[in-house]
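Accompanying notes for the structure given below.
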Amino acid sequence: MNDILKDLNSKQREAVQHTEGPLLILAGAGSGKTRVITHRIAHLVHKGISPSNILAVTFTNKAADEMRQRVVRLLSSRSAHGIHIPLICTFHSFSMRVLRQDIDRIGERRDFVIYDESGQSSLIKECLKELRIDEKKFKVSAIANAINKAKDNLVDFESYQIYTAADGNYYREVINDIYALYSRKLSRNNALDFGDLIMKCVQLLKQHKDILDKYQERFRYLMIDEYQDTNHAQYMLTKLLGKKYGNICVVGDDDQSIYMWRGADMRNILHFEKDYTKQNSSVRVLKMMENYRSAKDILDVANNLIKHNIYRRHDKGVLRCVGAKRSQKKSCVDFMEMLNEQEEAQYVVNEIKLRLKKKNSSDGDIAIFYRTNAQSRVFEDVFRRENIKYTIVGSVQFYERKEIRDILSYLRLVVNPSDSVALKRIINIPNRSIGKVTINQLEQFALKQNICLYEGLLNADKINSINESKCRTIKSFVSFIEKFKKDKNTLSVAELTSRLINETGYISALEAEDTFESRARIENAKELISAMREFEERTPSGNVEFFLEQISLMDTSGMVPEGYDVEGNGNPKSGSGLTGHGSRVRVVLMTLHLAKGLEFDHVFLTGMEEGLLPHINSMASEAELEEERRLCYVGMTRAKKQLSLTCCSERRLYGTRRWNLPSRFVNEVQVSMGTTKKVREKETSLWRIGQRVRHPMFGDGKILDKSGSGDGLKMVVLFNSGETKKLLVKYAGLQRY
DNA sequence: GATCAGTAATGTGGA
DNA sequence: ATTACTGATC
């Protein structure tokens with residue numbers, strides 16, 4: 001038997017060897033999914049299929065990178081000379097490739113830029129202003145959701161109009177107007193949003209048979225990861241590509257579908273069999289339910305939970321424990337009800353400290369999961385107070401920082417002057433005295449003349465309401481950008497950017513500020529430049545356009561601290577920092593959504609309360625409730641050795657005090673657990689006069705006086721700088737230390 | 001008087 | 001992070 005098949009169990013081997021025709025792999029949590037995909041790719045190549053005929057699609061870049069690395073390892077061990085790696089990429093980057101080649105066939109320019117979520121909402125705000133729609137009645141986020149949802153379902157604004165005309169709903173009519181204007185604006189700015197990438201790709205392939213044929217011929221073997229998360233547009237894209245040869249292998253787990261709210265359509269995975277069965281060929285379905293990750297107790301709990309989902313599920317049996325050692329006398333699942341969220345956090349920290357003391361070096365990774373981001377605050381407070389290092393996964397990411405976005409907007413503008421969103425972001429950064437009013441006048445002018453905003457700036461002297469001195473300021477800004485438009489082709493990305501931030505005065509403005517925060521921003525700007533240098537080394541031919549493209553396709557989500565393996569399956573990554581360092585314990589905090597695909601020795605699943613998990617907004621419909629249950633299931637199945645569930649009888653949430661019951665999910669798992677213990681409230685007054693506090697901006701200080709209570713609690717704080725400030729506790733972000 | 005910059009007030013589902 | 005208000009500046 002060849003070594004690609006050697007370390008696989010029988011189900012895995014069958015999946016790898018089934019290469020022709022449609023194949024559905026239902027891969028339970030911890031069953032070795034990534035392993036099967038990578039080995040299957042290697043097996044295809046080994047069989048003699050050209051790597052260029054193989055396409056594997058994932059949802060995140062992280063998953064794609066991980067897979068690529070593992071495929072390289074598998075292939076290079078068996079061939080000394082240069083190996084060719086199949087295309088492994090995300091849905092979005094695949095669509096991007098296709099569109100860069102041929103989008104002109106459906107009437108857009110090939111040098112488009114991509115708008116992220118904030119670019120999208122800026123543009124929607126522009127639309128609201130132009131259509132004179134009240135932002136309070138039509139929330140930008142709601143409109144963005146509606147538009148994204150439409151695009152996920154392949155409904156472009158023309159089709160939206162047809163549906164709207166049919167049902168005569170006022171809200172939809174307004175959305176329709178915004179959608180139409182928004183689409184025209186995108187086009188005018190030479191930009192696509194994320195939804196467009198897939199939708200336009202499908203439109204292109206549907207409308208032009210020659211292009212479809214080109215890709216069908218090229219990619220004869222398709223593999224789709226996390227198929228349960230595909231939306232309709234993604235479904236259609238894979239369907240089109242796989243139509244000719246039918247060699248389509250999808251991998252997923254309907255029990256881990258947690259992105260319905262983002263457009264994922266579970267019917268894709270539930271109906272795959274029916275969908276791909278034809279007269280002359282049948283669909284192979286493989287169920288991999290052997291779990292290599294978790295202790296038996298943990299799997300019992302998870303199985304007990306998920307069996308309560310009856311509404312939509314593949315019948316695939318329960319997760320079976322293999323490999324992992326049976327736990328000792330003590331159950332490795334426990335549950336604790338605490339009085340409030342401070343006590344909950346304290347309990348978790350105490351448990352972690354106990355573990356640290358034991359010096360049980362094999363219990364290296366600890367994760368704390370929660371349903372909502374807001375819950376992380378309390379944990380941070382306690383961890384900091386107790387001096388335990390932790391990492392929050394998914395908090396503000398590097399490329400989402402203000403200073404980085406500012407600099408990137410400059411680059412965007414230089415590359416594509418019609419990008420009005422980028423222009424408006426930076427036109428007055430640093431201060432040039434071009435304010436709201438002036439921008440408004442420029443916008444009005446551009447709208448009337450039917451030119452883009454940048455051209456409006458070029459013609460600022462033709463606007464009566466703009467005086468001469470303002471005009472000069474605008475002109476000097478324009479010539480600044482024009483200069484860099486020329487430099488762009490002669491300078492490297494890093495060099496161009498470094499000049500840009502120096503010559504704009506961006507850096508000197510930050511230097512003048514000279515605060516803790518501004519110094520950090522300068523550091524980040526420098527970090528960006530070094531990221532660019534790295535990029536130049538990696539891709540010597542790479543220009544600014546390509547650099548920007550890479551960044552816009554990076555998933556800001558799913559970023560995990562280095563060393564955490566995706567679906568480890570007993571293959572510790574060498575040099576990951578997890579092995580060989582003795583008792584180095586790592587604590588990570590994240591939302592349940594971010595936990596998917598990861599694994600940890602000890603998992604704390606916190607806030608197990610009605611209203612939080614299941615979340616209050618998901619309790620109305622059975623479908624949403626089941627998604628909450630799956631979310632909980634995902635959290636539980638991340639644990640290898642120990643799973644601790646916690647809840648609070650009282651919790652301060654969104655400013656109000658709430659009394660929640662323990663989550664129904666706790667009752668559902670029905671495993672004997674540690675007795676519920678009520679912990680006495682220690683101290684009501686955490687903010688006492690004399691207490692040392694830390695403020696994110698003003699630094700360290702001490703409480704001099706306080707007044708008010710509850711949300712109105714105010715404090716007078718004397719900071720080390722000598723300044724005295726009166727602060728509202730609710731918003732000040734103070735921490736005790 | 002118009003416009004701008006800085007400050008204060010306010011907002012919470014999940015990527 | 002975004003909006004409302006206020007004093008500063010052209």
Side-chain angles (χ1 to χ4, degrees), chain A residues 59-63 90-92 116-118 120-122 125 135-136 139-142 144-145 148 152 194-195 226 229 231 257-264 369-377 393-397 400-402 405-406 425 427-442 465-470 472-473 509 513 554-560 590-597 607 611-620 624 627-628 630-632 634-635 651-656 658 696-698 711-712 714 725-733:
Chain A
F59 271 81
T60 66
N61 287 307
K62 186 165 160 279
T90 63
F91 269 110
H92 288 103
D116 62 4
E117 199 179 309
S118 82
Q120 180 179 45
S121 62
S122 311
K125 277 180 200 159
E135 258 190 54
K136 289 189 184 81
K139 278 172 70 184
V140 176
S141 60
N145 275 338
N148 294 338
D152 286 349
F194 275 112
E226 306 277 17
D229 288 337
N231 60 36
S257 161
I258 53 174
Y259 287 114
M260 226 162 61
W261 55 276
R262 228 173 63 188
F369 298 157
Y370 35 79
R371 177 65 177 84
T372 67
N373 278 313
Q375 286 166 257
S376 73
R377 251 279 186 61
V393 177
S395 52
V396 186
Q397 300 297 325
E400 284 174 16
R401 285 164 203 267
K402 182 191 177 313
R405 300 179 70 105
D406 287 343
R425 184 178 174 99
I427 189 165
N428 203 29
I429 292 176
N431 286 340
R432 296 189 177 85
S433 293
I434 304 175
K436 220 165 57 182
V437 179
T438 311
I439 294 169
N440 228 329
Q441 288 162 344
L442 288 161
S465 54
I466 290 177
N467 66 32
E468 219 175 299
S469 88
K470 194 112 289 175
R472 270 198 301 275
T473 325
E513 217 181 292
M554 264 183 17
D555 26 45
T556 49
S557 62
M559 289 264 285
V560 158
M590 67 186 89
T591 62
L592 280 165
H593 282 93
L594 285 177
K596 195 164 80 166
L612 211 50
L613 183 66
H615 194 275
I616 185 101
N617 295 354
S618 296
M619 285 167 48
E624 283 181 279
E627 179 148 306
E628 296 289 306
R630 291 192 293 268
L631 195 53
C632 185
V634 165
R651 178 183 293 275
R652 205 171 259 283
L653 206 61
Y654 315 128
T656 53
R658 310 213 325 211
M697 305 264 264
F698 306 126
D711 287 349
K714 283 182 196 153
K725 300 260 174 199
K726 194 165 186 179
L727 301 159
L728 200 56
V729 175
K730 190 183 172 197
Y731 296 115

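All chains are named by letter (A, B, ...) in the order of the sequence lines, taking the proteins before the strands, and each is independently numbered beginning at 1. Just so we're clear, the structure is a prediction, and the values are computed from it rather than from any experiment.
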(Q) Tell me whether A:Glu628 contacts the main-chain N or O of A:His615 through its side chain, where contact means a donor paired with an acceptor under 3.5 Å. (A) yes
From CG of A:Asn467 across to P of B:dC4 the rounded distance in Å is 10 Å
Across all chains, not counting sequence neighbours, the side chain to side chain contact (heavy atoms under 4.5 Å, CB included) partners of A:Ser433 are A:Lys470
Atom CD of A:Glu513 and atom C1' of B:dT7 are separated, to the nearest Å, by 14 Å
Atom CG of A:Leu631 and atom P of B:dA15 are separated, to the nearest Å, by 10 Å
- Quick check: are there more than 12 heavy atoms from other residues, nucleotides or ligands sitting under 6.0 Å from CD of A:Glu117? no
Of B:dC4, B:dG6, B:dG13, the nucleotide closest to the side chain of A:Asn431 is B:dG6
Identify all pairs in which a protein N or O lies below 3.5 Å from an N or O of nucleotides 8-10 of chain C, and state each distance.
none

Winner on side-chain proximity to A:Glu117, out of B:dA15, C:dT2, B:dC4, is B:dA15
Presence of donor-acceptor pair under 3.5 Å, side chain of A:Glu624 and base of B:dG14:
no
Is there aromatic stacking of A:Tyr259 against B:dA15, centre distance under 5.5 Å, plane angle under 30°? no
Do any side-chain nitrogens or oxygens of A:Asn428 fall under 4.0 Å of OP1 or OP2 in B:dA5?
yes
Phosphate OP1/OP2 of B:dC4: any A:Lys470 side-chain N/O under 4.0 Å:
yes
Separation of C:dA1 atom P from A:Asn373 atom CG, nearest Å, is 13 Å
A:Lys139 NZ to B:dT10 P, in whole Å, measures 17 Å
Between A:Ser465 and A:Trp261, the residue closer to the 5' end of DNA chain B by nearest nucleotide is A:Ser465
Here the distance between atom C1' of B:dG13 and atom NE2 of A:His593, to the nearest Å, is 8 Å
Which label fits A:His593 and A:Trp261: parallel for a plane angle under 30°, tilted from 30 to 60°, or perpendicular past 60°? perpendicular
Could you verify whether a donor N or O on one side chain and an acceptor N or O on the other, from A:Gln375 and A:Thr372, lie under 3.5 Å apart? yes
Whole-Å distance, A:Glu628 CD to B:dG14 P, equals 11 Å
Rounded to the nearest 0.5 Å, the CE atom of A:Met260 sits from the CG atom of A:Leu631 at a distance of 11.5 Å
Respond yes when some side-chain nitrogen or oxygen of A:Thr438 is under 4.0 Å from OP1 or OP2 of B:dC4, and no when none is. yes
Between CZ of A:Arg651 and C1' of B:dT12 the distance, given in whole Å, is 14 Å
>> Tell me if the side-chain of A:Thr591 makes a donor-acceptor pair with the base of B:dG13, cut-off 3.5 Å, by modelled atom types.
In response: no
Assert: residue with more 5' nearest nucleotide on DNA chain B, out of A:Gln441 and A:Glu627, is A:Gln441
Taking B:dA15, B:dT12, B:dT3 as options, the one with an atom nearest any side-chain atom of A:Ala374 is B:dT12
Output for pair (A:Leu613 CG, A:Arg371 CZ), nearest 0.5 Å, gives 7.0 Å
Contacts of A:Ile427 meeting side chain to side chain contact (heavy atoms under 4.5 Å, CB included) (sequence neighbours excluded), chain-then-number -> A:Leu423, A:Ile434, A:Ile439, A:Leu457, A:Phe477
